[in-house]
Structure formats: C-alpha cells, structure tokens
Amino acid sequence: MGRRARSTMVAAAVAAAALMTSLGTAPAAADPAACAPRTVTTVASGLGVLENLAFDERGGLLVSDTSFIGPGALRRIAPDGGVTTVLPEVTGPGGIVVDGPTVYLNVGNTTVSGLAGTADGTIDTLDLDTGERGTHGTGLVMPNGLGRLSDGSMLASRDLGEVGLTLVPAGGGDARVVRTDLGSVNGIAVDGDTVYTVTTFENVNRLHILDARDLEGPVRSIDLPGPGLLSMPDDLTIGPDGALYIALNLAGAVLRVDPATGHSCRIAEGIPLMSSLAFGSGPGWDPNVLYTTGFDGTVRAVHPA
C-alpha cells in the first residue's frame, strides 16, 4: 500500500466492511499439523511504517521504511535486532528483491501517485558490494509488490487507481502494463515460471496464479476466505512446504494456502497491520521461521508449532 493515506484507507475499509454481510464459506480444511497455531515474538520495534522485507543473504534483513510525513529509507536489521540505514531519503520505498549482490527496490509507492496516475515510480538498484545505486526501470505508477522472473525481468504491482501488473524487461528500461483485469493486486511471489499475487481491496479477495511465460494469458484464481475488506491481504511468500503464506494486513493474521487444493487456515494472529512476510534466509535467520513487517514499525518472528 502507498504511504500518507494508509490510515484513511484502513478506516474506510473498516466502515465498508461493517455494512457487508458475511461473504463466502468457511475455509476448507487443511492438514492439522500444518495449521497448528504458531507463536510470535518481536525482533525489532520503533521503526517507521514498514512496507516490505527481503533477506540480503549476508546476515541482514532489509526493510522498506516509509513514512506518512517526509521521505522513507531502506534499512538493515541484524539477527540481534540492531538497525542500520542502507539508503536514506527514499520516497515511497516498496517491494524489495535481492538477487546476488543486487538489491531491487520499488521507489514512488505513494498514494498520491496512485490516485493521480503519476508515472514517477522507478525500480532502483543497489550493489551490496560497491554501494552503487542505479535505476533499472522507469515509468511506473505506485509500484508496490515486486517480483523477479526467471528471465531477469521485473514484475511490479499497483493496487490503487488503474490497478494491475507492470513489467520491466530484463535489461531494464521503460515499464509496460501487462494486466489490468485482476483487481487490486499487491504482493508478488515467484516460483520458477509460476507467479502468485493477491488482491487487497476487494469484497472477495483472491489469490491469482499466472504463467510467467504468458503473463497476459489464462489465470487460475482461488477465493480467499472471509470478507475481503476485513482481511486486506497485502503480501505473500512461498514456504519450504510449497504452501503460500499470506499477510492479512487488517486482520493481523497469517493465512496458509495450499495452491493445489485451495485449502487454507490461519496459523498466526495478533500481528497488527502486517505488510509483508518471508521465511528466514542467510546467516542468523532461521529458515523455518516467518519474519514479518508491519505498519506499526515492528519486525516479528512467527515460530513453528
């Protein structure tokens, strides 16, 4: 989601959801062990409005720290909770992808740009070895979620205004809109040639499954349980078990979904305004633990049962 108007968006969503009757049916049953409740602990707190996260494979967790007032930053969190600033003065930092020494970062993920349709968004790069910063993609409107495809191209989402998916070619350059028919798409996860994305601001939110080799082709969709505006799926990640783990922002819960069957269950609750999540990777980070960011400025760990 964009910065500045998040509090307004959340308030509006709550009011809208209060007028709705219950939608859909209860989530389908899933494996009891996989759905066992998990415990949640705090890794770091007191940060800004955290939008996204990615591990740098060097012992750090990178987080996009945005703000309702003024510019944000890209920060690095150590396993002991220590925080350093990697890039200061970043306007609307959004999705993060790490590929070897290169960090890809959405810039310009702002509500103002999204509602006005202003194409001032970019996908920037940072070389972790040299510290050099560059621009990989231009001409994006409110780039939010971010994923890197197997051919090196970058896929970004927009969830406000003319919502959809935008593609930047592997060599970089101008962005091209490839889908506008999926609803308010947000988080992106890539597994080989399969792309997963979720919607955020729909009465019934959906998990969409696309073929990276034919992004404009057929889509398989799975309805997510419960009234969509009371859940607000934000981001998602792929677990070591092949399941998808979805951050329900407004519900403050982690939803586990089996993409083959559509079976789903909540495995963690009580994580306020959760915006992103990923399993640990790299020195000091447990690969069986989910790490989350939230608009409350807190990084948390969701431990296996």
Would you mind reporting whether [Y] and [X] have side-chain heavy atoms less than 4.5 Å apart?
{"X": "Leu273", "Y": "Leu250", "result": "yes"}
{"X": "Asn52", "Y": "Thr293", "result": "no"}
{"X": "Asp235", "Y": "Ile246", "result": "no"}
{"X": "Val185", "Y": "Val198", "result": "no"}
{"X": "Val49", "Y": "Glu51", "result": "no"}
{"X": "Val107", "Y": "Pro93", "result": "no"}
{"X": "Leu210", "Y": "Leu165", "result": "yes"}
{"X": "Val204", "Y": "Leu224", "result": "no"}

Are a donor atom and an acceptor atom from the side chains of [X] and [Y] found within less than 3.5 Å of each other?
{"X": "Glu202", "Y": "Ser184", "value": "yes"}
{"X": "His208", "Y": "Thr197", "value": "no"}
{"X": "Asp120", "Y": "Ser113", "value": "yes"}
{"X": "Thr85", "Y": "Arg75", "value": "yes"}
{"X": "Glu162", "Y": "Thr180", "value": "no"}
{"X": "Asp193", "Y": "Ser150", "value": "yes"}

Inter-residue atom distance [X].[atom1] - [Y].[atom2], 0.5 Å rounding:
{"X": "Thr194", "Y": "Leu149", "atom1": "OG1", "atom2": "CG", "answer": "11.0 Å"}
{"X": "Thr122", "Y": "Tyr104", "atom1": "OG1", "atom2": "OH", "answer": "13.5 Å"}
{"X": "Met274", "Y": "Asp296", "atom1": "CE", "atom2": "CG", "answer": "10.5 Å"}
{"X": "Glu132", "Y": "Asp127", "atom1": "CD", "atom2": "CG", "answer": "6.5 Å"}
{"X": "Met154", "Y": "Asp99", "atom1": "CE", "atom2": "CG", "answer": "8.0 Å"}
{"X": "Tyr291", "Y": "Thr237", "atom1": "OH", "atom2": "OG1", "answer": "13.0 Å"}

Heavy atoms only: give me the nearest [X]-[Y] pair and the separation to one decimal.
{"X": "Pro143", "Y": "Gly121", "result": "CD-CA, 3.9 Å"}
{"X": "Thr166", "Y": "Ala175", "result": "CG2-CB, 3.2 Å"}
{"X": "Pro101", "Y": "Asp129", "result": "CB-OD2, 3.5 Å"}
{"X": "Ser275", "Y": "Asn249", "result": "CA-ND2, 4.0 Å"}
{"X": "Ser264", "Y": "Val257", "result": "CB-CG2, 3.9 Å"}
{"X": "Pro79", "Y": "Pro283", "result": "CG-O, 3.9 Å"}

Do [X] and [Y] land in one hydrophobic cluster if side-chain heavy atoms of ILVMFWY residues count as linked below 4.5 Å?
{"X": "Val219", "Y": "Leu155", "answer": "yes"}
{"X": "Val178", "Y": "Val190", "answer": "yes"}
{"X": "Ile267", "Y": "Ile222", "answer": "no"}
{"X": "Val63", "Y": "Phe295", "answer": "no"}
{"X": "Leu61", "Y": "Val86", "answer": "no"}

Between [X] and [Y] (side chain of the first, backbone of the second, donor and acceptor by atom type, cut-off under 3.5 Å), is there such a pair?
{"X": "Thr135", "Y": "Asp124", "answer": "no"}
{"X": "Thr261", "Y": "His263", "answer": "yes"}
{"X": "Trp285", "Y": "Gly59", "answer": "yes"}
{"X": "Arg179", "Y": "Leu215", "answer": "yes"}
{"X": "Asn144", "Y": "Arg158", "answer": "no"}
{"X": "Asp56", "Y": "Gly60", "answer": "yes"}
{"X": "Ser64", "Y": "Gly94", "answer": "yes"}
{"X": "Asn186", "Y": "Asp159", "answer": "no"}
{"X": "Arg220", "Y": "Pro259", "answer": "yes"}
{"X": "Ser157", "Y": "Gly145", "answer": "yes"}

Side-chain ion pair, [X] and [Y], N-O less than 4.0 Å:
{"X": "Arg176", "Y": "Glu216", "result": "yes"}
{"X": "Arg213", "Y": "Asp211", "result": "yes"}
{"X": "Asp65", "Y": "Arg76", "result": "no"}

One pair to check against side chain to side chain donor-acceptor pair (under 3.5 Å): Thr102 and Thr125. What are the steps and the verdict? CA-CA 7 Å; Thr102 304; Thr125 59; over 6 Å; no
Take Leu160 and Thr111 through the test side chain to side chain contact (heavy atoms under 4.5 Å, CB included) and record every step on the way to the result. CA-CA 7 Å; Leu160 290 180; Thr111 301; 3.9 Å; yes
Chi angles and distances behind the side chain to side chain contact (heavy atoms under 4.5 Å, CB included) call for Leu62, Phe55: CA-CA 6 Å; Leu62 302 176; Phe55 292 93; over 6 Å; no
List the residues meeting ring-ring contact (aromatic ring centres under 6.0 Å, His included) with Phe279, not counting sequence neighbours, and say none if there are none. Tyr245
Could you give me the CA-CA distance, side-chain angles and deciding distance for Leu50 and Val299, then say whether side chain to side chain contact (heavy atoms under 4.5 Å, CB included) is met? CA-CA 8 Å; Leu50 300 182; Val299 175; 3.8 Å; yes
Test side chain to side chain contact (heavy atoms under 4.5 Å, CB included) applied to Ile271 and Val40, step by step: CA-CA 8 Å; Ile271 306 175; Val40 181; 4.1 Å; yes
Steps toward side chain to side chain donor-acceptor pair (under 3.5 Å) verdict (Ser281, Glu57): CA-CA 6 Å; Ser281 185; Glu57 305 298 336; 2.6 Å; yes
List the steps, then state whether side chain to side chain donor-acceptor pair (under 3.5 Å) holds for Thr138 with Asp174. CA-CA 5 Å; Thr138 58; Asp174 293 336; 2.8 Å; yes
